[in-house]
> 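This structure is in structure tokens; I'll ask about it shortly.
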Amino acid sequence: AIDDKTFAVSGAGSPPPKLPDYQFQGAGGAQDPLQQPAVGLSLSEPYPLPLNGTLTLTATSEEFAADPSVQFSTGGQAVSFLIPANSIEARFANGATTVRLQTGTVAESITLTPSFSLAGGYSLTPDAPPSLALSVPRGAPRILQMQIVGQSANSVTLAITGLATSRSVGRLTFQLQPAAGAALASSQIVLDVQSAFDLWFQNAQSQSFGSLFSFSIPLTLNVNSPQGSLAKYLKSVSATLGNAEGTSNAATVGLQ
């Protein structure tokens, strides 16, 4: 505009260079639950202009509900990065060349997809951008901790914390180790716990915990001697959990 006169101005420019191919670095494929793998991203060749980018995480579970803890270490399911001009490596927060993500505790597929743009907002993202695929497979339950939370002359109460990526547990097995010189009528106890775990995992309240669980259970022994104590007859207790995928690690606590 000049005084009260206005003039239409137009311009023409060449499109920016095409985005080079890019690759992911770090983690890939099957991952263990409760891990924080690191991933990075780089171009196959330097780009002449600075690039702004966003890496977006998508989690899809086969087990009724996705684990809300599956996210980037910076929080949320999207993280920004920058690729400086004439450079190839994506830079995340604090200039880091990688960013970590939490795999959670539920069997699921995790997909990381990047987008790219110039400072003015011009998108350089391919129509079908290649993604990075991670997964947490279904597996046997895992006991994370077992401890004694109560004990009397002839009973002990155990608290067990664990996870089951398939959100299913069918059996609980205790293996009893007698004390020296003591004899037990049976050294193994097998319990069907399917209904109790189904009740938990099918409850909406459990969704915020992924496949994590915690429970306590008492074990009582018939001690014949009125002067006897559980520790005189029982040296230790081991526990395993099982489902259709297999049997967990064994957790053991000592009573002596």
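What you see is a predicted model, and the numbers here were worked out from it, not measured in a lab.
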> Are Val149 and Phe174 connected into the same hydrophobic cluster when the rule is that any two of I, L, V, M, F, W, Y join if their side-chain heavy atoms are below 4.5 Å apart?
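No.
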> Between Tyr47 and Phe116, is the ring centroid distance below 6.0 Å?
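For Tyr47 and Phe116, the ring centres are not under 6.0 Å apart.
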> Using a distance-only test with no angle check, is there a side-chain donor-acceptor pair under 3.5 angstrom linking Ser73 and Gln36?
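Judged by distance alone, the side chains do not pair up.
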> Set out, in order, the CA-CA distance, both residues' side-chain angles and the distance that settles side chain to side chain donor-acceptor pair (under 3.5 Å) for Ser168 and Arg138, then state yes or no.
CA-CA 10 Å; Ser168 174; Arg138 294 168 64 99; over 6 Å; no
> Would you name the heavy atoms of Asp192 and Gly170 that are closest together and state the gap between them?
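Closest pair (atom of Asp192, atom of Gly170, distance): OD1-O, 3.3 Å.
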> Looking only at the side chains, is there a donor atom on one of Thr74 and Arg100 sitting less than 3.5 Å from an acceptor on the other?
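No.
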> Given side-chain contact (heavy atoms from CB on, under 4.5 Å), test Gln145 with Ile160 step by step and report yes or no.
CA-CA 6 Å; Gln145 182 183 53; Ile160 298 176; over 6 Å; no
> Please find the pair of heavy atoms, one from Thr103 and one from Leu34, that lie closest to each other, and give the distance.
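Smallest heavy-atom distance, with atoms named: OG1-N, 3.2 Å.
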> Using the side chain to side chain donor-acceptor pair (under 3.5 Å) rule, take Glu245 and Ser166 through it: C-alpha gap first, then chi angles, then the decisive distance, then the call.
CA-CA 8 Å; Glu245 282 68 48; Ser166 62; 3.2 Å; yes
> Between Phe72 and Phe92, is the gap from one ring center to the other below 6.0 Å?
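No: the rings miss the under 6.0 Å criterion.
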> Can you tell me how far the CZ atom of Phe201 sits from the OG atom of Ser211, to the nearest 0.5 Å?
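Between Phe201 CZ and Ser211 OG, I get 5.5 Å after rounding to 0.5 Å.
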> Given the rule in the side-chain contact (heavy atoms from CB on, under 4.5 Å) test, do Leu51 and Leu118 qualify, once you have shown the distances and angles that lead to the verdict?
CA-CA 5 Å; Leu51 294 170; Leu118 299 178; 3.7 Å; yes
> Look at the side-chain heavy atoms of Ile, Leu, Val, Met, Phe, Trp and Tyr, link any pair under 4.5 Å apart, and say whether Leu255 and Leu221 land in one connected group.
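Yes: a chain of side-chain contacts under 4.5 Å links Leu255 to Leu221.
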> Drop me the distance from Leu172's CG to Phe215's CZ, to the nearest 0.5 angstrom.
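Output value for this atom pair is 5.0 Å.
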> Give, for atom OG1 of Thr240 and atom CE of Met146, the distance between the pair rounded to the nearest 0.5 Å.
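One gets 9.5 Å once the value is rounded to the nearest 0.5 Å.
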> So, taking the atom named CZ in Phe197 and the one named OG in Ser206, what distance separates them when rounded to the nearest 0.5 Å?
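Answer for the CZ-OG pair, Phe197 versus Ser206, is 11.5 Å.
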> Taking atom types as modelled, is there a side-chain donor on Arg171 or Thr247 under 3.5 Å from an acceptor on the other?
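Arg171 vs Thr247: donor-acceptor pair found between side chains.
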> Side-chain donor-acceptor pair under 3.5 Å between Ser238 and Thr252, yes or no?
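A donor-acceptor contact under 3.5 Å links the two side chains.
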> Is the shortest heavy-atom distance from the side chain of Pro68 to the side chain of Gln207 under 4.5 Å?
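Heavy-atom side-chain distance check fails, nothing below 4.5 Å.
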> Determine whether Val39 and Thr98 satisfy the following criterion, side-chain contact (heavy atoms from CB on, under 4.5 Å), listing intermediate values before the conclusion.
CA-CA 5 Å; Val39 296; Thr98 60; over 6 Å; no
> Hey, are Gln77 and Thr58 close enough side-chain-wise for a donor-acceptor pair under 3.5 Å?
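Their side chains do not contain a donor-acceptor pair, so the 3.5 Å distance test is not met.
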> Applying side chain to side chain donor-acceptor pair (under 3.5 Å) to Thr113 and Ser131, what does each step give before you reach the verdict?
CA-CA 5 Å; Thr113 306; Ser131 299; 2.8 Å; yes
> Rounded to the nearest 0.5 Å, how far apart are CZ of Arg91 and OG of Ser42?
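These two atoms lie 11.0 Å from each other.
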> Report the C-alpha separation of Gln175 and Ser187 in whole Å, then their side-chain angles, then the decisive distance to 0.1 Å, and conclude whether the side-chain contact (heavy atoms from CB on, under 4.5 Å) test is met.
CA-CA 6 Å; Gln175 192 70 38; Ser187 62; 3.5 Å; yes
> Once you round to the nearest 0.5 Å, how far does OG of Ser248 lie from CG of Asn243?
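Reported value, rounded in 0.5 Å steps: 9.0 Å.
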> Compute whether any side-chain donor of one residue and acceptor of the other, for Asn52 and Ser80, lie under 3.5 angstrom apart.
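Per modelled atom types, Asn52 and Ser80 side chains form no pair under 3.5 Å.
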